[in-house]
4 protein chains.
Amino acid sequence: MSTPLSDGSSRAGEGILAHPCGARSARVHERVLVATAALLDEGGCAAATVDAISARSGVSKATIYKHWPSRTAIAAKAFGRMMASDTPLPDTGTTAGDLTEMVRRVSAFYASPRGRIFAELVAACVGDPAGAPYFRAYFLAGRRTAITQLWNRARERGDVDPDISVDDVIDILFGPLIFRLLTDHLELTEENATRLAETALTGLLRPNTNPS
Amino acid sequence: MSTPLSDGSSRAGEGILAHPCGARSARVHERVLVATAALLDEGGCAAATVDAISARSGVSKATIYKHWPSRTAIAAKAFGRMMASDTPLPDTGTTAGDLTEMVRRVSAFYASPRGRIFAELVAACVGDPAGAPYFRAYFLAGRRTAITQLWNRARERGDVDPDISVDDVIDILFGPLIFRLLTDHLELTEENATRLAETALTGLLRPNTNPS
Amino acid sequence: MSTPLSDGSSRAGEGILAHPCGARSARVHERVLVATAALLDEGGCAAATVDAISARSGVSKATIYKHWPSRTAIAAKAFGRMMASDTPLPDTGTTAGDLTEMVRRVSAFYASPRGRIFAELVAACVGDPAGAPYFRAYFLAGRRTAITQLWNRARERGDVDPDISVDDVIDILFGPLIFRLLTDHLELTEENATRLAETALTGLLRPNTNPS
Amino acid sequence: MSTPLSDGSSRAGEGILAHPCGARSARVHERVLVATAALLDEGGCAAATVDAISARSGVSKATIYKHWPSRTAIAAKAFGRMMASDTPLPDTGTTAGDLTEMVRRVSAFYASPRGRIFAELVAACVGDPAGAPYFRAYFLAGRRTAITQLWNRARERGDVDPDISVDDVIDILFGPLIFRLLTDHLELTEENATRLAETALTGLLRPNTNPS
DNA sequence: GTATAATCGAGACGGTACGTCAAGTCTTATG
DNA sequence: CATAAGACTTGACGTACCGTCTCGATTATAC
């Protein structure tokens, strides 16, 4: 993998996400992540208490706090690892098809039990400045690389304006889903996802009224 | 009544948001909301503890819990009231201009101190099923009516496809902002907001590659 | 009893030793003291953890900390109550006999399992400024009243210099025992106690060499 | 050497107080004691954490635990060394004067900052069976030799009953002070010390009522 | 001189208890 | 009967210090 973020032990270059390293530490680190992943799946973020993680992993609380700044950070990394391999890129032949399919998949994920965990994780990062970087590094980054590949493919095909930033693309396509996931004001059905994607791809305004 | 949401006391018809009524209750209700609003402004969601609200308002905890299901619910309503009158509609003359301006304003709001409170509120509603309806009713609904007006104006002008749901419009325009607000992965500058709005209005794909 | 210190609930006049009162509080208070006494007897001061007291009494830690400033304080009061009735005054007919007997009894107490607890309690009060007053109020005070009675009897008999403060008497008779108990440098046997008492009663110097 | 207790390095013959020896060990030993003494003076026993001693001395925790059984042991030895030379014998010309002066000096010491450390040390030895011998060996023993000399002088002068054990003398004179130091029930003023000494020297009972 | 043990530093680790906090429930007395 | 006042249970928090334990590096003697 091109991102060095999802390995289990600490390396130089991880910046603020550093922690003790060495053979023992690596083992401890691993056990914590495995235990946390299990707890997340069983009871969501609320179950991934530091006490619970400690009890389940056999790693003491004090040690855990030497590796991570907060429970959110642990959960983010554990969850990021759980999701790491779950995202094969769609390849429908057209840019519109690929992006729409991607939105549908992400919507389906958000609607799944793990989608709830994702939402809780996003929520937990608000007001946990220490955990947020972990979430971005171990979860959002992975998502981002996937979209970037799709977008680059679209650029090569000439289907899109190359001036549009991939950041904006990501946020316009998935921001609405996340908003709905969090505030639960509209259901995350496949139909809704498709419509949303198509509207975003086409634009809200009629061509002749575009601002340019 | 088009907006039954922003009045200060309980009415029949509020459904799950009901609570004791009567003269004493109304006074109690009011004092709680005022105290909560003050606490929110001073220290964010974290400061709006039920204990703190109780102490500040002089209303006992037991009474508070007879009026609201959770602290999130109180905060949502108090915050919704704070924001109620702050949103004059933009009127630039063009649909694109109006919507872009709206996005810029919301972005600026999110970037402000009260934007943080908004984020904390959204986060708090995840995993507080009791509080979420309050947030939707007392905050999101207000936002929604504003956009609906703009959108209707656009429809009348013939600038937009009338089949596009206003729900999708709202989420495509503001979902990205909220996503950025929550995960803090991109700054909420005016420039970013403008670019985001324009991209959303125009669409991600080039006209000739539209899926239809 | 003349001292208002050993009752189970809070009263005006207890000064710094105050705590919540009322029917519920009184019950809570009682349960904590009973549990603590049991723990002390079973495992000494080390066993009387706040967590353990909480678990055993069914009273939550937070509540415990509203009633007492520290575990030492609880232990002191619980131990004081355990000891409250255990001290019938000796009555041998002579002042020397009474005081010597008292020293022997206290020495025997110190040599007993509960003597260890007493030592641990004294030790715990050093460096727990919050707990120390409880120890003095609920334990030392009781001891003091007993000696005072003996000393008054001796004064009435004319056996002693009325200018000698009862404080000095107490400390000269029992200080040595406590010193030995704590540092364990000499055994607390009946023989040693008797000799110590007699030496203290007679004085260290020969009469004709007295400082006066 | 009559007192093998106050030297800085280990020797065969110290019995249970043995530890590694050799040139390196001696240096390590020394550094630990110096660091501990400094910590004691700065923050009392509470500051003389094993971690703190390790950090300050540059000696690793593992090594420390090869030399001493517990932190109390280290503190006792370090404190004993600090006090080693501080006790010139009084020489007022009379036995009563010498002993009284001695009590006054010890009382003043107890009332000083280092007196607090002494108290904490005594307290720490209760419930630390491993540390207690160190305290007796490195601190009490020194005190004891001083009093023994005074007492022998008194015996030679014929001022005292030669049957009275020096142990009893020590405890009757200083036990009261220690008791007051620990439980803080009476102040350690010069006046109190003098009165206490005089009462102890004269005896609690009037001559004609002595038990013999 | 070099083996070969002891000894050391650095500090991670499991464990136990700490004292605190806020949520939400429950009791009692007052109006 | 709704309130005020606030005690109470619950459960998690993050910290502190303990004493043990790997490691690998450093001695210092015994060969």
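Order of the sequence lines sets the chain letters (A, B, ...), proteins ahead of strands, with each chain counted from 1.
- Rounded to an integer number of Å, the gap from NZ of D:Lys66 to C1' of F:dT22 is 11 Å.
- Here the straight-line distance linking atom CD1 of C:Ile74 with atom CD1 of C:Ile53 works out to 4.0 Å at 0.5 Å rounding.
- Taking atom CD1 of A:Ile74 as the reference point, atom P of F:dA12 lies 14 Å away to the nearest angstrom.
- Atom-to-atom distance recorded for B:Asp51:CG and B:Arg56:CZ is 14.5 Å, nearest 0.5 angstrom.
- One can place CZ of B:Arg56 at 20 Å from C1' of F:dG6, the figure rounded to the nearest angstrom.
- Ring geometry for C:His29 against C:Trp68 counts as tilted: the plane angle lies between 30° and 60°, on a 0 to 90° scale.
- Distance, D:Ile53 CD1 to E:dC8 C1': 17 Å, rounded to whole Å.
- Mapping C:Ala48 and D:Ser54 onto DNA chain E by nearest heavy atom places D:Ser54 closer to the 5' end of the strand.
- Of the side-chain N and O atoms in B:Arg71, none sit less than 4.0 angstrom from OP1 or OP2 of E:dG24.
- C:Arg27 has no side-chain polar atom (N or O) that falls below the 4.0 Å cut-off from OP1 or OP2 of E:dT27.
- Distance NZ (B:Lys61) to C1' (E:dC26): 11 Å, rounded to an integer number of Å.
- Dashed line: the shortest gap from a side-chain N or O of B:Arg31 to OP1 or OP2 of F:dT3 is not under 4.0 Å.
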*side-chain hydrogen bond (donor to acceptor under 3.5 Å, both in side chains) between D:Lys77 and D:Tyr138, worked out*: CA-CA 5 Å; D:Lys77 184 155 181 179; D:Tyr138 293 105; 3.3 Å; yes

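- Regarding contacts with the backbone of F:dC8, a side-chain N or O of C:Ser25 is found under 4.0 angstrom from either OP1 or OP2.
- For C:Arg81 (side chain) and C:Leu33 (main-chain N/O), no donor-acceptor pair under 3.5 Å exists by modelled atom type.
- When heavy atoms are screened at a 4.0 angstrom cut-off, C:Ala62 is found touching base atoms of the nucleic acid.
- The residue B:Thr49 sits close only to the backbone: its heavy atoms come under 4.0 Å of sugar-phosphate atoms, none of a base.
- Residue order along DNA chain F, read from the 5' end via each residue's closest nucleotide, puts C:Ile64 first among C:Ile64 and A:Pro69.
- Side chain of B:Tyr65, nearest nucleotide from E:dG9, E:dC13, E:dA23: E:dA23.
- Nearest to the side-chain atoms of A:Ser60 among the listed nucleotides E:dG14, F:dT3, F:dT9 stands E:dG14.
- With E:dG19, F:dC18, F:dT3 as the choices, the nucleotide that has an atom nearest any side-chain atom of D:Asp51 turns out to be F:dC18.
- For E:dC13, one of the phosphate oxygens OP1 or OP2 lies less than 4.0 angstrom from a side-chain nitrogen or oxygen of A:His67.
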